[in-house]
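Read the structure below first, then the notes.
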Amino acid sequence: MAKKLFIETLGCAMNVRDSEHMIAELNQKENYELTTRANEADLIVINTCSVREKPVHKLFSELGVFNKLKKPSAKIGVTGCTASHLGEEIIKRAPYVNFVLGARNVSKITEVLHRNKAVETQINYDESEFAFKEFRSSPYKSFINISIGCDKQCTFCIVPHTRGEEISIPSNLIVDEARRSVERGAREIFLLGQNVNNYGRRFSGNHKKMNFTQLLREVSAIEGLERIRFTSPHPLHMDDAFIEEFATNPKICNSMHIPLQSGSTAILQQMKRGYSKEWFLDRVARLRALAPETFISTDIIVAFPGERDVDFQDTMEVVEQVKFDQIFSFKYSPRPHTEAEHYTDVVESAVASERLSHLQAIQDAILDEKSRHYVGRRYRVYFEELRQDGYIAGRSDNNLAIRVQGSDALLGTFAEVEITQSARLSQIGEIVVA
Ligand code: 5AD
Ligand code: SF4
């Protein structure tokens, strides 16, 4: 009889893909099947994120809960970024954990399963780390890694420590994986990397050299593939050729996540981001000139050490000028193994909270204003989710989350939808009968 696997995935899309790979490995080599009930699982895996401190605290309370409700024979594994940076400390603090497997080591899941108290967190790598097995959370779209690790040294970020140095995956593997996904019915692919537009800087061996713009062209030649998305590009590497390809290639979706982090050039320098406020605004202007409808989302950190009122004002200026379609905003959280951890000019917590609330209030007003314009407009939607409330949900090319009443026969198909009701980050519409 098949054994049961319960897996919880925190963090980013890279983690989602890592979880898919572990699910496939466990299924093919160890006959595990997924369950959504932790209490009936034979193996519980938490695939963790460590980008901010809060989820790390949460991990230990969650582990305690799983330990109480699990079957006595069930194993618990901690994988992902927190596993990478805490390593055996996890087993010291939660001795019932059976194994710890870093973000760069997920291919070893079936091996550590049989070594009690195994801790695998090293950053060396072989090509098995990107020969990911086939399991897809969605039959309609596929996440595909194009690189692993990160070579940047943003002073706030733990990821280079947890995921190691950046290696681009050979383009032929990426194109093959995308082609196989399309053959199995996915019409959208999502290319993943910490810095996608830095693609091609370092390969593991003697592989065909190409940059991200060229990779996009190769992937878009796949017949039957209709949509390409990617995350995340780095503002520094947004050259004109990339923006032009983005704007003119009909398969590339009209949506881009461009992490700003701060609008203050002084703070950007402290963060070692490599660009200025002006450069960021210039790139957005170039993008909007060529592709005016582009949905632009961003990440912003407030209260980075040394952030003065004038710096925060710079961030707000960028927010008000760009009018992002979505902002993921965070209070700065000091992380181990980062340079900024040692910065002493910490911003007071009350000031940080105030700045975050202010930013979010302004952004809400911007989105309220934007959402008024959606009603009555028509978008081509790719339906991918049957929601619990009975709606069928999907996304427009420009990344609006749109749902309609309809049957699940719509899943995996495209339809023209007119928006009838609009809220900040979700739209309701009706399919327009031709
Ligand atoms: N504190 C707060 N936010 C952070 N991020 C990364 N590191 C930190 C940190 N130390 C945010 C960045 C990044 C997103 C994934 O998380 O905005 O783009
Ligand atoms: Fe993803 Fe970064 Fe979180 Fe790791 S730390 S899971 S790379 S967001």
Side-chain angles (χ1 to χ4, degrees), residues 9-18 47-58 80-82 84-86 103 143 147-163 166 190 192-198 230-238 256-264 267-268 270-275 277 280 283 296-307 311-312 314-316 318-319 322 324-349 351-353 355-357 359-360 363:
T9 305
L10 308 164
C12 63
M14 264 95 359
N15 260 22
V16 173
R17 185 68 191 120
D18 288 346
N47 194 12
T48 58
C49 171
S50 58
V51 80
R52 280 169 295 277
E53 201 178 3
K54 232 193 217 157
V56 178
H57 286 312
K58 225 181 90 189
C81 287
T82 307
S84 298
H85 92 92
L86 289 184
F143 286 124
S147 60
I148 53 176
C150 180
D151 269 358
K152 299 279 175 212
Q153 293 185 328
C154 302
T155 54
F156 53 80
C157 189
I158 195 174
V159 175
H161 174 79
T162 62
R163 287 191 178 262
E166 188 171 320
F190 213 123
L192 301 180
Q194 295 295 338
N195 282 304
V196 284
N197 52 349
N198 201 29
F230 52 82
T231 201
S232 298
H234 193 292
L236 180 63
H237 304 299
M238 285 179 61
M256 205 181 310
H257 184 71
I258 320 176
L260 168 66
Q261 311 300 3
S262 169
S264 152
I267 295 295
L268 287 167
Q270 292 300 308
M271 290 175 161
K272 296 207 173 142
R273 291 287 290 170
Y275 55 88
K277 175 189 186 186
F280 187 93
R283 295 295 84 192
I296 303 180
S297 53
T298 198
D299 291 338
I300 293 176
I301 298 174
V302 301
F304 184 77
E307 188 185 77
D311 298 308
F312 180 64
D314 275 331
T315 298
M316 293 311 298
V318 177
V319 166
V322 173
F324 293 103
D325 297 279
Q326 189 168 15
I327 297 182
F328 301 90
S329 50
F330 317 100
K331 260 193 251 179
Y332 169 70
S333 161
R335 308 303 298 122
H337 312 287
T338 62
E339 211 177 308
E341 179 197 13
H342 308 291
Y343 292 180
T344 48
D345 39 0
V346 174
V347 176
E348 236 178 85
S349 166
V351 174
S353 302
R355 285 181 186 163
L356 188 66
S357 314
L359 166 64
Q360 290 174 344
Q363 179 61 12

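Ligands are counted one by one from 1 in listed order, and the atoms in each one are counted from 1 as well. Just so you know, these numbers come straight off a predicted model, no measurement behind them.
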Taking the inter-plane angle between the rings of His257 and Phe328 on a 0 to 90° scale, is it parallel (under 30°), tilted (30 to 60°) or perpendicular (over 60°)?
perpendicular

Does CD in Glu341 sit with more than 12 non-hydrogen atoms of other residues, nucleotides or ligands closer than 6.0 Å?
yes

At a 4.0 Å threshold, what atoms of ligand 1 neighbour a non-hydrogen atom of [X]?
| X | result |
| --- | --- |
| Gln261 | 12 (C), 13 (C), 17 (O), 18 (O) |
| Phe330 | 3 (N), 11 (C), 14 (C), 16 (O), 17 (O) |
| Val51 | 5 (N), 6 (C), 7 (N), 8 (C), 9 (C), 10 (N), 16 (O) |

Polar side-chain atom of [X] near backbone of [Y] as donor-acceptor pair, under 3.5 Å:
| X | Y | answer |
| --- | --- | --- |
| Thr298 | Leu260 | yes |
| Glu339 | Thr155 | no |
| Asn195 | His234 | no |

Do any N/O atoms on Asp299 end up under 3.5 angstrom from N/O atoms on ligand 1?
yes

For ligand 1, is there an N or O atom under 3.5 Å from any N or O atom of Phe156?
yes

Applying side-chain hydrogen bond (donor to acceptor under 3.5 Å, both in side chains), can you list everything that pairs with Asn47, at least two apart in sequence or on another chain?
Ser19, Thr79

Going by the closest heavy atom to atom 4 (C) of ligand 1, which one wins out of Leu260, Ile301, Ile158, Val302?
Ile301

What do you reckon, does Lys331 put a non-hydrogen atom under 4.0 Å from ligand 1?
yes

